[in-house]
Amino acid sequence: MKPLPVGSVIGILGDGQLGRMLASAAERLGFDVVVLGPNDDSPASRVAAHTIVAEYTDRDALAELSVRCDLITLEFENVPVEALQILEDMGATVYPGQKSLQICQDRHLEKSFARENGVATADYWMVDRVSDLETALSELKGKGILKTRRDGYDGHGQRRLQTGDDAVSAYDGLDGAPCILEAMVPFAGEVSVVIARRADGMMTCFDPADNTHKHGILHTSRVPSKFPDSVQTAAIAAAESLAGALGHVGVMACEFFVLEDGTLLLNEMAPRVHNSGHWTPEACLTGQFEQHIRAIAGWPLGDVSRVMDAEMENLLGDDVLKAFGDAGPEDMITLYGKRDMRPGRKMGHIVRKL
Ligand code: ATP
Ligand code: MG
């Protein structure tokens with residue numbers, strides 16, 4: 001692939017904070033950005049050179065995007081695969097491609113793909129009706145996490161079930177959508193690996209980060225990981241093999257559960273820049289947003305060496321007030337420019353040197 005010339009135009013499907021940070025990184029490398037997303041006055045639109053406000057499958061909007069852009073990427077994994085097909089039919093190049101999206105959009109496809117590629121996952125059962133859930137729950141002695149196969153994020157679309165909980169109301173609570181029931185994993189910790197891959201197969205990988213969650217939402221990511229090198233190396237090897245098997249182009253993230261004995265189970269993959277990589281722009285020579293743009297543009301990948309130990313903390317809802325309240329001069333703050341401060345909404349993050 002010929003490197004994308006400076007001054008080319010990159011399209012981004014998706015208009016949230018990830019698109020905003022990608023657009024900033026692209027602009028620093030001399031590219032213009034056009035954002036396509038459904039929201040007016042979105043975080044990404046306010047740093048892009050141009051915005052098209054439309055649904056992802058709006059043909060006229062996709063035609064405009066393909067005409068305006070030399071290359072198209074995405075910041076949101078639930079963009080319908082159909083939108084990529086329409087763009088490709090119009091002659092556009094889209095990275096990452098349809099396979100990355102198709103597999104990462106569905107928890108069953110994602111887990112079976114991981115297993116086919118030698119990466120273990122938690123045990124799970126397919127749930128398409130209440131009787132499936134009752135059978136699966138009896139095998140799990142009443143305990144598990146019911147998750148919709150598609151469209152889950154930040155703990156939405158999930159129900160934690162304990163012995164004695166009512167299967168009917170749990171399944172109804174998720175609108176009877178196709179689900180899986182996952183075994184509860186007694187993990188010693190969670191790590192994620194953020195990896196970048198170019199179309200020619202060249203890859204770089206950031207140091208694995210230890211993640212903590214609160215109410216199903218990422219709270220902190222910390223490097224270096226507390227887990228031994230052997231666990232970190234295995235996590236990187238698994239991420240590399242999954243990125244290669246997907247033929248992924250761009251940044252992707254793999255989240256793992258780590259068991260007491262060091263065994264890794266893939267939780268999920270995100271075919272995009274990831275919240276657990278938000279420490280990388282401050283703590284590494286090249287951050288994940290710049291690396292994604294380099295990878296899709298076919299530019300040389302940057303050096304991902306880490307120059308400090310770091311912790312990233314998400315600012316949710318009114319936590320954002322900390323940014324101009326108790327934050328110290330050592331707190332490196334990024335805010336997403338969201339107009340409404342709703343409880344649980346990701347408003348920004350802080351990176352601290354440890
Ligand atoms: P996001 O997209 O924000 O990563 P999500 O809604 O896709 O989140 P998951 O990654 O499936 O959700 O789960 C969120 C968190 O809930 C996990 O990081 C983990 O802390 C906990 N969790 C999920 N599944 C399990 C499980 N099987 N056993 C134990 N904990 C789990
Ligand atoms: Mg997750």
Side-chain angles (χ1 to χ4, degrees), residues 14 16-18 75-78 104-108 110-111 114 121-125 127 133 136-137 140 142-163 165-167 169-194 208-222 225 252-259 264-279 311-320 336 338 340-350:
Q17 66 268 18
L18 301 176
E75 60 110 50
F76 175 56
E77 72 267 39
N78 289 322
C104 298
Q105 282 177 354
D106 181 317
R107 293 186 192 276
H108 164 56
E110 183 173 56
K111 285 181 166 56
T121 73
D123 289 336
Y124 70 100
W125 284 260
V127 174
L133 180 56
L137 273 173
L140 282 171
K143 244 178 117 175
I145 304 192
L146 183 66
K147 299 181 178 181
T148 56
R149 279 174 60 174
R150 305 176 66 91
D151 296 326
Y153 69 97
D154 289 348
H156 295 287
Q158 301 195 7
R159 293 285 181 282
R160 283 177 184 239
L161 298 174
Q162 304 290 340
T163 312
D165 284 351
D166 177 25
S169 62
Y171 191 55
D172 285 352
L174 298 177
D175 300 327
C179 286
I180 58 166
L181 182 73
E182 224 176 273
M184 282 296 286
V185 177
F187 57 75
E190 295 186 80
V191 298
S192 62
V193 172
V194 175
D210 286 344
N211 299 324
T212 63
H213 291 78
K214 268 191 187 170
H215 314 295
I217 305 178
L218 184 68
H219 176 47
T220 60
S221 292
R222 199 180 166 111
S225 165
M252 66 175 262
C254 294
E255 299 177 22
F256 299 93
F257 299 124
V258 188
L259 306 185
L264 290 166
L265 301 178
L266 181 85
N267 173 24
E268 58 176 356
M269 303 184 282
R272 52 166 171 79
V273 288
H274 196 251
N275 195 169
S276 69
H278 284 5
W279 53 274
E311 181 173 73
M312 187 279 316
E313 182 190 338
N314 269 337
L315 299 172
L316 303 183
D318 61 9
D319 288 349
V320 72
Y336 307 149
K338 294 184 180 173
D340 302 320
M341 197 172 64
R342 291 195 294 274
R345 191 174 195 207
K346 290 177 177 170
M347 302 296 292
H349 63 267
I350 292 181

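Below, each value reflects all heavy atoms present in this structure, side chains not excepted, and no hydrogens, waters or symmetry copies.
With a 4.5 Å cut-off on side-chain heavy atoms, F256 and L264 count as touching. A 4.5 Å side-chain heavy-atom check between N314 and T220 finds every atom pair outside the cut-off. Residues L174 and C179 form a side-chain contact, since some pair of their non-hydrogen atoms from C-beta on lies under 4.5 Å apart. Annotation: side chain of E190 is not in contact with side chain of D210 (no heavy-atom distance under 4.5 Å). Using a 4.5 Å heavy-atom cutoff, the side chains of M184 and R160 are in contact. Annotation: side chain of Y171 is in contact with side chain of V127 (closest heavy-atom distance under 4.5 Å). Contact annotation: the side chain of N211 never approaches that of V191 to less than 4.5 Å [non-hydrogen atoms, C-beta and beyond]. The shortest distance between side-chain heavy atoms of K111 and L266 does not fall below 4.5 Å.
Annotation: the span from M312 atom CE to S221 atom OG amounts to 4.0 Å, rounded to 0.5 Å. In this structure, the separation between CG on L140 and CD1 on I145 is 11.0 Å, given to the nearest 0.5 Å. Taking CD1 from I180 and CG from D123, the interatomic distance works out to 11.0 Å, rounded to the nearest 0.5 Å. Within the model, atoms CZ of R107 and OG1 of T121 stand 12.0 Å from one another, a figure rounded to the nearest 0.5 Å. Put simply, CG on L218 and OG1 on T212 are 6.5 Å apart, with the number rounded to the nearest 0.5 Å. Interatomic distance, N78 CG to R272 CZ, rounded to the nearest 0.5 Å: 8.5 Å.
E268 pairs with exactly one of E77, E255, K147 by the side-chain contact (heavy atoms from CB on, under 4.5 Å) rule, that one being E255.
Of the possible donor and acceptor atoms, none in the side chain of Q105 sits under 3.5 Å from a partner among the backbone N and O of R150. In this structure, D172 contributes its side chain and S169 its backbone to no donor-acceptor pair below 3.5 Å. Put simply, the side chain of Y124 never gets that close to the backbone of L181: no donor and acceptor are under 3.5 Å apart. Between the R345 side chain and the D340 main chain, a donor and an acceptor come within less than 3.5 Å of each other. Remark: side-chain polar atoms of Q158 are not paired, donor with acceptor, to backbone N or O of T148 under 3.5 angstrom.
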Kindly indicate, with the supporting measurements, whether the criterion side-chain contact (heavy atoms from CB on, under 4.5 Å) is fulfilled by L316 and R342. CA-CA 8 Å; L316 303 183; R342 291 195 294 274; over 6 Å; no
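For H213 and H219, the ring centers are positioned 6.0 Å apart or more.
The minimum heavy-atom distance between A183 and A122, with the atom names listed, is O-CB, 4.3 Å. Taking every heavy atom of both residues into account, L161 and A170 meet most closely at CD2-CB, 3.5 Å. Here the closest heavy-atom approach between residue V194 and residue G277 is recorded as CG2-CA, 4.1 Å. Between G14 and F76, the closest heavy-atom pair is CA-CB, 4.5 Å. In plain terms, the two heavy atoms of C254 and M269 that are nearest each other are SG-CG, 4.1 Å. Taking both residues in full, the closest heavy atoms of N267 and E182 are given as OD1-OE2, 4.4 Å, listed atom of the first, atom of the second, then distance.
Side-chain contact of K346 with N275: a donor-acceptor pair under 3.5 Å is present, judged by distance alone. Between the side chains of S192 and S276, at least one donor N or O lies within less than 3.5 Å of an accepting N or O.
Salt bridge annotation for D106-R149: present, with a cationic side-chain nitrogen under 4.0 angstrom from a carboxylate oxygen.
Classification of the H349-Y336 ring pair by plane angle, with boundaries at 30° and 60°, yields tilted.
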